[in-house]
Amino acid sequence: MLLTPVQDGGTASTWLFLCPILFQVPISGGVDAMAKWASWIHKWLALLMAVQILFWFVSGLFFAIAPIETVRSEHRIANQEVEPLVIDEMSAQFAALNLPEGYQPLTLEVRRLLDRPVVVLTSVDDARSLYDLGDGQRLSPVTSEFAQTIAESHLTGNDEAIGLTFVEEESTEYRGALPAWRVEFEQASRAVYVAADTGQVTARRSTLWRTFDFLWSLHIMDFKNHENFNTPLLIGVTFLGLVIILTGFVMFPSRLGYYAWRRRRKRRRAAK
């Protein structure tokens, strides 16, 4: 039996009439009609979503195998010798800072950068400035030579930088503090990002990280920014995946032969 088309003379009625013929829609009745419908939906949705399901499994397997610490190059961070700061000297050091006239910082952070004590001052407009506590001179914005030294000392081994790029805009690879220096290394195509205003290493990127990021974009279906997992596309495809699973449950008894067994039992009872 074919579905009766809607009598509106439009394209929709034509498609409604042709769909059962083109796709062999199971519209006949019977005890296993629901299982037939579920099988038809399950088959075509699975075919439609086969590539994305493959992406989910391949990327999920990669995420499970690759340690996140290795992806972030945390295993390549060099152990820095920590020397305590002399608190008694800081009052005089703060007073000796070569600050602009009338400058009033909102917060300050004291830490060591390479072999020197430094302070990061943050103003009310969230602008940051880096000062050397040893001589009171301003170090920011960090120069390319200083950024290269920071990046090389940040990593283990004796790798030397092979290139530097001044980054002023976000990208899929880097969304940290801007502007920043991108210091490139040959090993694993690794890149170390150094914030120009604080001299702090804000990110490490490598071939492994870029592979992880690419697979992550396929996994969450955010092909532009690689970070939004609340996109309508992902929600819609995930809903269709849920339909595939539910229709699989519906057709499961039919695949086990349950409905055929019921028909045989009914015939045997009728024959008695």
Cluster question for you: counting only ILVMFWY and a side-chain heavy-atom cut-off of under 4.5 Å, with indirect links fine, are [X] and [Y] together?
X	Y	value
Leu240	Leu47	yes
Ile53	Phe223	yes
Val167	Val194	no
Leu139	Tyr131	no

When you compare the side chain of [Y] with that of [X], does any pair of heavy atoms fall below 4.5 Å?
X	Y	value
Ile77	Val201	no
Leu45	Thr247	no
Arg76	Arg190	yes
Trp44	Leu48	no
Ser123	Tyr103	yes
Ser129	Arg138	yes
Leu218	Ser59	no

If you round to the nearest 0.5 Å, how far is [atom2] of [Y] from [atom1] of [X]?
X	Y	atom1	atom2	answer
Gln148	Phe185	CD	CZ	7.5 Å
Gln80	Leu114	CD	CG	7.5 Å
Asp197	Leu130	CG	CG	8.5 Å
Asn225	Ser171	CG	OG	10.5 Å
Gln52	Thr238	CD	OG1	8.0 Å
Thr198	Glu109	OG1	CD	8.0 Å

Is the number of heavy atoms from other residues, nucleotides or ligands within 6.0 Å of [atom1] ([X]) greater than 12?
X	atom1	value
Phe94	CZ	yes
Phe63	CZ	yes
Glu186	CD	no
Asp125	CG	yes
Phe239	CZ	no

Q.
Let's go through Phe212 and Ile68 carefully: what are the C-alpha distance in whole Å and the side-chain angles of both, what is the deciding distance for side-chain contact (heavy atoms from CB on, under 4.5 Å) to 0.1 Å, and is it a yes or a no?
A. CA-CA 9 Å; Phe212 185 100; Ile68 192 61; 4.1 Å; yes

At their closest point, which heavy atom of [X] faces which heavy atom of [Y], and how far apart are they?
X	Y	value
Ser206	Val71	OG-O, 4.1 Å
Leu178	Glu168	CD1-O, 3.7 Å
Val183	Ala161	CG1-CB, 3.5 Å
Phe62	Thr211	CZ-CG2, 3.9 Å
Ser144	Leu164	O-CD2, 3.2 Å
Met221	Val237	CE-CG2, 3.8 Å

**Q.** side chain to side chain contact (heavy atoms under 4.5 Å, CB included) partners for Gln93, two or more places apart
**A.** Glu89, Met90, Leu133

Q. Can you check side-chain contact (heavy atoms from CB on, under 4.5 Å) on Phe214 and Thr172, steps first, answer last?
A. CA-CA 10 Å; Phe214 172 71; Thr172 55; over 6 Å; no

Q. Going by atom types alone, do Gln200 and Arg111 pair a side-chain donor with an acceptor below 3.5 Å?
A. no

Q: Measure from the side-chain N and O atoms of Thr207 to the backbone N and O of Ala188, and report whether any donor-acceptor pair falls under 3.5 Å.
A: yes

**Q.** Main-chain N/O of His219 paired to Trp56 side chain as donor or acceptor, under 3.5 Å
**A.** yes

Q. Can you list every ring pair (Phe, Tyr, Trp, His ring centres under 6.0 Å) pair that touches residues 161-181, not counting sequence neighbours?
A. Phe166-Trp181, Tyr174-Tyr193

Q: Please determine which of Glu184, Glu173, Arg72 meets the side-chain contact (heavy atoms from CB on, under 4.5 Å) test together with Arg205.
A: Glu173

Q: In sequence, state the C-alpha distance, the side-chain angles, and the governing distance for Val51 and Met49, and then conclude on side-chain contact (heavy atoms from CB on, under 4.5 Å).
A: CA-CA 6 Å; Val51 175; Met49 293 184 52; over 6 Å; no

Q.
Whether Asp222 and Lys224 form a salt bridge (side-chain N of Lys/Arg under 4.0 Å from carboxylate O of Asp/Glu) is what I want to check.
A. no

Q: Check the pair Glu152 / Glu160 against side-chain contact (heavy atoms from CB on, under 4.5 Å), numbers first and verdict last.
A: CA-CA 6 Å; Glu152 290 176 346; Glu160 295 184 358; 4.0 Å; yes

